[in-house]
Amino acid sequence: QIDSSTPDGRLPISVALLTSFIAPYNLGVFEALQKRVAKLTVLLSTEMESNRTWKPDFGSLDVQVMRTSTVTRPPRHSLGFRDHGIMHIPRNAGSMLRQLEPDVVISSELGMRSVASARFRRRHPNCRLILWQNMSEHTERERGWMRHILRKWLLPKADAVTANGPSGERYLRKMGVPAERLFRVPYAA
């Protein structure tokens with residue numbers, strides 16, 4: 001908990017936000033966050049994913065692109081829809097976090113960015129880790145046993161976990177996230 005703010009009303013903290021790319025509907029949200037903290041650095045896996053038609057737009061954000069390996073999964077799902085799954089594996093997230101030394105790390109999804117963030121958090125006990133999720137019970141249905149094990153290891157490492165709706169909250173509660181660390185953050189633009 002932070003009790004004071006800087007003269008301009010910003011919280012006196014530095015934040016590192018790790019995500020795949022900046023979707024147009026997230027740009028304004030990230031810029032609003034930037035106005036509330038002393039420093040926000042966005043660490044991206046890629047400027048833009050290859051299956052998106054959007055042009056990269058970073059607005060006023062301080063953005064750095066990580067060295068990342070990208071794996072594309074086949075576009076199939078047992079329910080019949082096409083899901084061009086793209087998985088990013090950042091190779092230098094840990095070193096970038098060490099260089100930034102943020103007070104708070106926000107990591108999207110529950111993959112390798114979040115693993116690197118949790119490892120950084122473990123070595124820097126004054127840092128706080130927020131795992132930011134946009135998921136539902138439906139989207140997570142076919143994730144596989146390896147992801148299930150990774151998430152069971154990862155979720156207890158977070159100081160807070162967000163869900164974008166009630167289905168995501170139910171999924172995260174089933175994964176063991178206690179109610180006092182679970183916060184709803186709906187989609188916003």
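Residue numbers start at 1 and run along the sequence shown.
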* Asked: Which pair of non-hydrogen atoms, one from S107 and one from S114, has the smallest distance, and what is that distance?
  -> OG-OG, 2.8 Å
* **Partner set under ring pair (Phe, Tyr, Trp, His ring centres under 6.0 Å) for H124, not counting sequence neighbours** => F120
* Polar side-chain atom of R10 near backbone of V37 as donor-acceptor pair, under 3.5 Å -> yes
* **C127 versus P102, closest heavy-atom pair with distance** => SG-O, 3.6 Å
* When clusters are formed by joining ILVMFWY residues with side-chain heavy atoms under 4.5 Å apart, either directly or through shared neighbours, do L27 and L40 land in the same one? -> yes
* From S108 atom OG to M135 atom CE, the distance as rounded to the nearest 0.5 Å -> 10.5 Å
* Asked: Okay, side chain of R181, backbone of A158: is any donor-acceptor separation there less than 3.5 Å?
  -> yes
* Asked: When clusters are formed from ILVMFWY side-chain contacts under 4.5 Å, directly or step by step, what else is grouped with V185?
  -> none
* Heavy-atom pair with the smallest gap, counting every atom of T68 and S45 -> OG1-O, 3.0 Å
* Structure fact -> side-chain hydrogen bond (donor to acceptor under 3.5 Å, both in side chains) pairs touching residues 149-160, sequence neighbours excluded, are R121-D159, E140-R151, R151-Y171
* **Stepwise side chain to side chain contact (heavy atoms under 4.5 Å, CB included) test for L33 and I106** => CA-CA 11 Å; L33 174 61; I106 303 171; 4.1 Å; yes
* Set of residues satisfying side-chain hydrogen bond (donor to acceptor under 3.5 Å, both in side chains) with respect to R52, sequence neighbours excluded -> E49
* Where I22 and M48 come nearest, the two heavy atoms and their spacing -> O-CE, 3.7 Å
* **Donor-acceptor pair, side chain of S14 and main chain of D103, under 3.5 angstrom** => yes
For residues 55-64, which side-chain N or O atoms pair as donor and acceptor with protein atoms under 3.5 Å away, sequence neighbours left out?
{"residue": "D57", "atom": "OD1", "partner": "G59", "partner atom": "N", "Å": "3.0"}
{"residue": "S60", "atom": "OG", "partner": "E31", "partner atom": "OE2", "Å": "3.2"}
{"residue": "S60", "atom": "OG", "partner": "Q34", "partner atom": "NE2", "Å": "3.0"}
{"residue": "D62", "atom": "OD2", "partner": "T41", "partner atom": "OG1", "Å": "3.3"}

* Are V105 and L150 connected in a single hydrophobic cluster, I mean Ile/Leu/Val/Met/Phe/Trp/Tyr linked by side-chain heavy atoms less than 4.5 Å apart? -> yes
* Got a sec, which residues hit side-chain hydrogen bond (donor to acceptor under 3.5 Å, both in side chains) with T162, two or more places apart in sequence or on another chain? -> none
* Structure fact -> G9 and R36 have their tightest heavy-atom pair at O-NH1, 3.4 Å
* Does L44 belong to the same Ile/Leu/Val/Met/Phe/Trp/Tyr cluster as L100, with side-chain heavy atoms less than 4.5 Å apart forming each link? -> no
* Structure fact -> Nearest heavy-atom approach of L18 to S117 is CD2-OG, 3.7 Å
* Non-hydrogen side-chain atoms of N51 and T72 separated by less than 4.5 Å -> no
* Does one hydrophobic cluster hold both V115 and V177, with members joined at side-chain heavy-atom distances below 4.5 Å? -> yes
* What's the spacing between H88 NE2 and S69 OG if we round to 0.5 Å? -> 11.0 Å
* Set of salt bridge (Lys or Arg N to Asp or Glu O under 4.0 Å) partners for R128, sequence neighbours left out -> none
* To do: Please collect all salt bridge (charged side-chain N to carboxylate O under 4.0 Å, His left out) contacts where either partner lies in residues 107-120, sequence neighbours excluded, each pair once.
  => E109-R113
* Asked: Got a sec, which residues hit side-chain hydrogen bond (donor to acceptor under 3.5 Å, both in side chains) with R173, two or more places apart in sequence or on another chain?
  -> none
* Asked: If we only count heavy atoms from C-beta on, is the V161 to L155 side-chain gap below 4.5 Å?
  -> yes
* To do: Flag yes if V104 and L182 sit in one hydrophobic cluster, no otherwise; membership is Ile, Leu, Val, Met, Phe, Trp, Tyr, and two members link when side-chain heavy atoms are under 4.5 Å apart.
  => no
* Does the side chain of R147 come within less than 4.5 Å of L110's, by heavy atoms? -> no
* Asked: Atom CG in N26, atom OH in Y187: separation rounded to 0.5 Å?
  -> 8.5 Å
* Any sub-3.5 Å donor-acceptor pair from S167's side-chain atoms to S136's backbone N or O? -> no
* Interatomic spacing from CG in L17 to CH2 in W132 - rounded to 0.5 Å -> 5.5 Å
* Can you measure from CZ (R67) to CE (M96) and round to the nearest 0.5 angstrom? => 8.5 Å
* For F21, all residues meeting ring pair (Phe, Tyr, Trp, His ring centres under 6.0 Å), sequence neighbours excluded -> none
* Asked: Does R170 have any salt bridge (Lys or Arg N to Asp or Glu O under 4.0 Å) partners at least two apart in sequence or in another chain, and if so, which?
  -> E137
* M112 CE: over 12 foreign heavy atoms closer than 6.0 Å -> no
* Identify, with sequence neighbours excluded, every residue that meets side-chain hydrogen bond (donor to acceptor under 3.5 Å, both in side chains) alongside T46. => none
